[in-house]
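Okay, so here's the structure we're looking at.
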Amino acid sequence: MAFKVGLLGLGTVGSGTAEILLNPTQRHPLLREIEIHRVGVRSAKPRSIPLPPEIITTDLESIVTDPAVDIVVEVIGGLEPARSLILKAIAQGKHVVTANKAVIARFGDEIFTAANQAGVYVLLEAAVAGGIPVIEPLKQSLCANRIEALMGIVNGTTNYILSRMQMEGSDFDAVLADAQKLGYAEADPTADVDGLDAADKIAILSSLAFGSRIKLPEVYCEGIRKITAADITYADRLGFVIKLLAIAKRDKTATTDLDRLQVRVHPTLLPKSHPLANVNGVFNAILIQGQPVGQVMFFGPGAGSGPTASAIVADILNIAAILKVGRDAVTHADGTPLLDPLLACSHQEYATIAPIEELSTRFYVRFLANDSPGVIGYLGTCFGEHNVSIESVVQIGLRDQLAEIVVITHDVREGDFRQALAEIATFEAISSIPSVLRVLSSEE
Ligand code: HSE
């Protein structure tokens with residue numbers, strides 16, 4: 001008996017998926033039981049994958065409604081028609097495998113509610129960190145743990161840009177332009193460089209790690225456009241590298257709601273000794289802190305045809321294994337569908353997410369100021385009055401005839417820090433405050 005796949009999309013990930021499915025040799029024997037039944041494409045054009053032309057169609061809807069299809073694999077990306085096709089497939093009783101983080105992060109609620117009612121699985125290993133297994137470990141291998149925090153580099157484009165800025169001492173715009181020329185960054189890089197792609201991914205990971213749904217607009221998100229070569233050099237001198245981190249953790253600053261979470265994406269100064277500091281280029285890595293396991297780190301390729309297809313096909317096999325032993329046909333006594341609780345999404349409640357101004361963080365801030373007596377004393381006094389404790393102050397040289405002063409704070413309440421900064425900005429000796437970045441907290 002073959003399990004029939006309806007593949008929606010034959011771009012980079014779809015082609016990689018078809019290549020694995022067409023070449024089962026030396027891979028898991030269950031692969032031989034998977035058949036590509038139909039393939040949906042947006043436009044008919046010559047393809048390098050040896051698929052019979054008669055199974056390829058531009059009528060995407062006919063695939064999700066095809067009674068013979070068991071598993072719909074959605075790799076067309078974008079919000080629509082992907083969301084509607086996923087929902088239609090579910091309504092037709094089909095299992096779904098998707099790489100679509102944007103759809104899951106925004107419409108996960110609607111999709112998983114529908115899937116649970118229909119008794120089908122929606123698996124998404126490929127949606128976060130491409131080829132790195134992290135969704136299934138969170139659902140299964142680490143499920144005995146109380147997850148305390150997860151922190152990751154989950155966007156390859158920005159990690160590539162920051163790594164090159166670090167290595168070459170170049171500024172953001174120059175590296176972005178070159179990355180676009182080389183195909184490492186999209187023509188419209190917004191989703192990557194503004195942190196939106198990473199925000200989708202951390203929303204999905206936190207939902208799994210903490211067992212609650214996440215409202216994407218509540219995820220604080222700051223990208224890397226403002227990072228300069230000067231900041232990377234200062235960070236380096238002070239023993240840090242700058243990475244775009246996606247962070248989700250239980251919020252220990254909360255006094256009443258002990259389940260409150262912090263979920264955020266922002267550039268972060270990481271000590272060079274930190275396990276994520278040496279994750280360079282397009283690679284991704286995710287560090288998970290659980291009780292009692294401790295720290296577990298996942299590292300690997302976060303995108304690309306083969307790595308993402310590896311995750312897609314693993315999900316297809318997971319569903320095929322369930323179909324093979326007939327576990328998909330099991331129901332509760334009242335006839336409602338019974339899904340494997342470790343594979344299906346069962347949480348219904350929304351998490352409370354702490355507002356960013358209530359968080360306690362270390363900051364790096366760079367000032368340009370007149371080189372006159374009392375400036376550093378003023379900074380110290382103003383920060384002190386707002387309860388901001390300074391860890392270090394360095395003034396290395398002049399830039400454009402102005403003194404460049406870099407301050408690193410201890411862990412401080414973000415709201416207090418912002419108030420101090422607003423006051424400092426009005427001081428006449430301060431010419432500008434070109435950079436404000438977060439530093440990994442001493443507790444993280
Ligand atoms: N655009 C993503 C990245 C890859 O740069 O990591 C797909 O998730």
Side-chain angles (χ1 to χ4, degrees), residues 8-9 11-17 73-79 82 97-106 108 123-135 138 150-166 172 175-208 216 219 221-225 227 242-247 265-268 276 279-287 298-315:
L8 295 174
T12 311
V13 180
S15 304
T17 302
V73 175
E74 183 278 305
V75 285
I76 46 177
L79 294 182
V97 173
T98 179
N100 200 325
K101 68 223 134 207
V103 164
I104 296 296
R106 283 162 190 76
L123 301 189
L124 56 135
E125 186 63 69
V128 179
I132 306 175
V134 63
I135 302 283
L138 274 173
L150 55 88
M151 182 187 300
I153 294 169
V154 291
N155 182 270
T157 306
T158 44
N159 204 41
Y160 172 84
I161 293 172
L162 290 173
S163 303
R164 276 196 52 190
M165 287 174 71
Q166 169 94 29
F172 172 78
V175 177
L176 171 63
D178 200 47
Q180 285 172 314
K181 214 159 54 187
L182 295 169
Y184 286 108
E186 305 272 349
D188 176 1
T190 313
D192 293 317
V193 302
D194 291 334
L196 310 173
D197 171 82
D200 288 349
K201 291 167 177 169
I202 197 68
I204 295 171
L205 290 179
S206 10
S207 163
L208 292 166
L216 192 59
V219 176
C221 179
E222 190 183 309
I224 65 163
R225 285 186 203 266
I227 308 290
I242 301 180
K243 296 287 186 191
L244 182 69
L245 287 194
I247 300 172
V265 172
H266 49 71
T268 311
L276 293 172
V279 175
N280 288 317
V282 293
F283 283 100
N284 284 194
I286 297 123
L287 190 64
F298 299 83
F299 167 87
S305 174
T308 312
S310 153
I312 292 276
V313 178
D315 279 346

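Bear in mind the structure is a predicted one, so any value in this text is a computation, not a measurement. As the structure lists them, so they are numbered: ligands from 1, and atoms in each ligand from 1.
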Heavy-atom contacts with [X] under 4.0 Å: which atoms of ligand 1 show up? List them by number with element.
X: D197; value: 2 (C), 8 (O)
X: K101; value: 7 (C), 8 (O)
X: D192; value: 1 (N), 2 (C), 3 (C), 5 (O)
X: A303; value: 4 (C)

State the [atom1]-[atom2] distance between [X] and [Y], to the nearest 0.5 angstrom.
X: I132; Y: I286; atom1: CD1; atom2: CD1; result: 4.5 Å
X: D200; Y: L205; atom1: CG; atom2: CG; result: 11.0 Å
X: T98; Y: I312; atom1: OG1; atom2: CD1; result: 6.5 Å
X: T158; Y: D192; atom1: OG1; atom2: CG; result: 6.5 Å

key: Pairwise side-chain contact, L244 with I227, heavy-atom cut-off 4.5 Å (strictly under)   =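 No. Closest side-chain heavy atoms not under 4.5 Å.
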
task = Compare all side-chain heavy atoms of N284 with those of N159 and state whether any distance is below 4.5 angstrom.
result = no

message = I'd like to know whether ligand 1 has K201 as a neighbour, heavy-atom separation below 4.0 Å.
response = yes

inquiry  = Given 3.5 Å as the limit, does a donor-acceptor pair link the side chain of Q180 with the main chain of A185, or not?
reply    =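 No.
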
ask   = Under 4.0 Å from ligand 1, counting heavy atoms only, is it the side chain of V282, its backbone, both or neither?
value = neither

ask   = Any idea which part of N155 is under 4.0 Å from ligand 1, heavy-atom wise: side chain, backbone, both or neither?
value = both

Residue, atom name and distance, where the atom is the protein heavy atom closest to atom 5 (O) of ligand 1 = T157 OG1, 2.5 Å

query = How far is atom 6 (O) of ligand 1 from its nearest protein heavy atom, and which residue and atom is that?
reply = G156 N, 2.6 Å

